[in-house]
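First the structure, in the form of structure tokens, and then the observations on it.
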2 protein chains.
Amino acid sequence: MAPRRSQLTLRDVSEAAGVSEMTVSRVLRDRGDVSDATREKVQAAARALGYVPNKIAGALASQRVNLVGVIVPSLSNLVFPEMLAGLEEVLDGTPLQPVVGSTEYDLDKEERTLFEMLSWRPSGIVIAGLEHTEASRAMMAGSGVPVVEVMDVDGVPVDAAVGISHRRAGYEMAGEIVARGYKRVGIVGTKVDGDHRARKRIEGLEEGLRGTNVVIVDRADYAGWSGFAKGREMTAAMLERTPDLDFLYYTNDLTGAGGLLYCLEKGIEVGRDLGLAGFNGFSLLDGLPRKLATVDSCRREAGRIAGRIVAGTWTWTDEEDRRVELTPAFLPGHTMRSSV
Amino acid sequence: MAPRRSQLTLRDVSEAAGVSEMTVSRVLRDRGDVSDATREKVQAAARALGYVPNKIAGALASQRVNLVGVIVPSLSNLVFPEMLAGLEEVLDGTPLQPVVGSTEYDLDKEERTLFEMLSWRPSGIVIAGLEHTEASRAMMAGSGVPVVEVMDVDGVPVDAAVGISHRRAGYEMAGEIVARGYKRVGIVGTKVDGDHRARKRIEGLEEGLRGTNVVIVDRADYAGWSGFAKGREMTAAMLERTPDLDFLYYTNDLTGAGGLLYCLEKGIEVGRDLGLAGFNGFSLLDGLPRKLATVDSCRREAGRIAGRIVAGTWTWTDEEDRRVELTPAFLPGHTMRSSV
DNA sequence: ATGAAAGCGCTAACAT
DNA sequence: ATGTTAGCGCTTTCAT
């Protein structure tokens, strides 16, 4: 690398333009009264020099930082980038900028990332889920800025929460399964300890089936990355082990889609003899040989609302109590029979 | 929100622990010689108060910022999160933290994002692609920090470049098409202007076919998001319009997979009568009814190497000249016949 | 409409 | 091993 030139400062622009540093600062931030002539002189000088303001100094002096810390478990799982897209969509109209960190579903890494982010004094925090270490909760509570926990509302938020109830999503899926006359359910889930949302969906499903004539007869969890191959593999193994299943509930659309492809190849009458359902509502999957039944996780909408909350443009209604529960649509697709 | 408490400073910790601010600073940063007794006193005081250091002040004083700006066109297109995952994997072992911005394939937005990021004086920049505005190039060149342009090497980097040659990937695909005896090729691409990598792959393909007995007989570009549905739709339309095609080249695995599903349903002898190939090598797709031929884009590896470059732990060999060209593997899958 | 002075919270450099 | 001093580059506040 070329030896690092010492950085250009306001002083350099001020000298080049022949006005005080304060006036340069005003022009560059569009604040206060500056004559047109001065403004142009300053802008020309800044452009000519290639001046880039130092936000670190600015933030220290003004005690204002236009960053929003965003903490998600993973960027490889599409749901989180999609939530982020909703957030960015809203923040784009404000001075706020998201700073993203991922935790790999590890609460200790989450705590470290949070500490790191708070040390930059962001204007807000958006964080996935309601499960955090005690230290993380204390830091967020003490930060003095809006904290929005997204993509889940089943629990007590530090400050605000936006998302769907995964427990309810599982519960309602149970209702659909019962209404459509399935009797013997298998569950394909994940081994990831930190995936509390998947856990809650399954708990909701169990609760919804309790006291009905529908039973959960098998369950298998996989480790590692969700994909079609994993869905095939898990489905094959489960149908081998428990051949009298008539419904498979996957905690993820991608494994569900893999299961669907497997069943179609095996000539299984999907829907009639074996119902299948996933979760998330990935539009990526539109175009499968058959549309998989699923429940929309409203992740993009959650991101949008979180953005409004940190930007201060969200209006709370009384009953909401700093909690926005989104209503997930059940998308029946063509892998479940109709109600009986 | 509770009214914002004025923030805790080193001074508060220093008073609580009964040592100078400087000593507190040393303990908190693990620098210099501090006695065990003092260290523990300070750590206890900091923990008891819930002190979170102010990195803004620290960065201003030390002229050191442990942030790496990462700029990608999109987070919804899986290749970019995957590159990021490789980058994070490497940065996790260093004090550096990525800060991500996305540009929606808009070079002016890229320029604004870059300006914003440079104003935080990051320790490095990782940016997708080699096409930028003149102002962006000037800013990066003048930043005085390592700048790594990733996921493409076809062009002149500002500082360093890591990735595959998309032109070569297209060129080599042409060789495979010729070797396997296909004659009439259709291309399914995208309308996104800013996707220079897709453009280069197609240019490479055209160049590779020039002078052979293989001709490109049709081409269609889609707008909007890549998914299975789009691949089906484009494939149906193209086969309708140009029924004598014997090969379809997709610029993306997802549309390719949609095309594959469509062809299988129509009873087309995929491979024998109609060859198909995509691009990227998404492992997500393992488990399709048939494995799609594709070329690995080495995005994760590019992220890893970019991480080593900004962290200063990458050793350049002379001939590389601050450019690392990765060699993309051709993955034949089962949608192309064998060489003739 | 413009300028001068003070200081944001921390760390480098130099004492002791 | 610990403390003192000066200042990072900007913005706030108050003057003119």
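Any value given below was found using the heavy atoms of this structure, including those in side chains, with hydrogens, waters and symmetry copies removed. We name chains A, B, ... by the order of the sequence lines, and we start the count at 1 in each one.
Here the straight-line distance linking atom CZ of A:Arg26 with atom CZ of A:Arg39 works out to 12.0 Å at 0.5 Å rounding. Here the OG1-CD1 distance, from A:Thr113 to A:Ile127, works out to 8.5 Å after rounding to the nearest 0.5 Å.
With respect to A:Glu82 and A:Arg300, no salt bridge is recorded, no charged nitrogen being found less than 4.0 Å from a carboxylate O. A salt bridge links B:Arg11 with B:Glu15; the closest basic N to acidic carboxylate O contact falls under 4.0 Å.
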Applying side-chain hydrogen bond (donor to acceptor under 3.5 Å, both in side chains), run through B:Ser102 and B:Glu104 and close with a yes or a no. CA-CA 6 Å; B:Ser102 79; B:Glu104 309 311 317; 3.1 Å; yes
Chi angles and distances behind the side chain to side chain contact (heavy atoms under 4.5 Å, CB included) call for B:Val52, B:Leu8: CA-CA 7 Å; B:Val52 178; B:Leu8 285 171; over 6 Å; no
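For the contact set between residues 21-29 of chain B and DNA chain D, defined by any heavy atom under 4.0 Å, the members are B:Met22, B:Thr23, B:Arg26. In the region residues 34-55 of chain A, proximity to DNA chain D at under 4.0 angstrom, judged on heavy atoms, holds for A:Tyr51, A:Asn54.
Between the CG atom of A:Leu10 and the P atom of C:dC8 there is a distance of 19 Å, rounded to whole Å. C:dA6 atom P lies 18 Å from atom CG of A:Leu60, rounded to whole Å.
A:Asn54 meets the side-chain hydrogen bond (donor to acceptor under 3.5 Å, both in side chains) test with A:Gln7; sequence neighbours excluded.
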Distance-only check: which donor-acceptor pairs under 3.5 Å involve side-chain atoms of residues 91-98 of chain B, not counting sequence neighbours?
{"residue": "B:Asp92", "atom": "OD1", "partner": "A:Lys109", "partner atom": "NZ", "Å": "3.4"}
{"residue": "B:Asp92", "atom": "OD2", "partner": "A:Lys109", "partner atom": "NZ", "Å": "3.1"}
{"residue": "B:Thr94", "atom": "OG1", "partner": "B:Leu91", "partner atom": "O", "Å": "2.8"}
{"residue": "B:Thr94", "atom": "OG1", "partner": "B:Leu96", "partner atom": "N", "Å": "3.0"}

Under 3.5 Å, sequence neighbours excluded: what are the donor-acceptor pairs made by side chains of residues 56-67 of chain A?
{"residue": "A:Ser62", "atom": "OG", "partner": "A:Gly58", "partner atom": "O", "Å": "2.8"}
{"residue": "A:Ser62", "atom": "OG", "partner": "A:Arg64", "partner atom": "N", "Å": "3.3"}

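Counting heavy atoms from C-beta outward, A:Leu75 and A:Leu84 have side chains that approach closer than 4.5 Å.
Here the range on DNA chain D touched by chain B, meaning any atom under 4.0 Å from one of its heavy atoms, is D:dA1 to D:dG9.
Where A:Arg11 and B:Gly32 each meet DNA chain D at their nearest nucleotide, the meeting point lying more 5' is that of B:Gly32.
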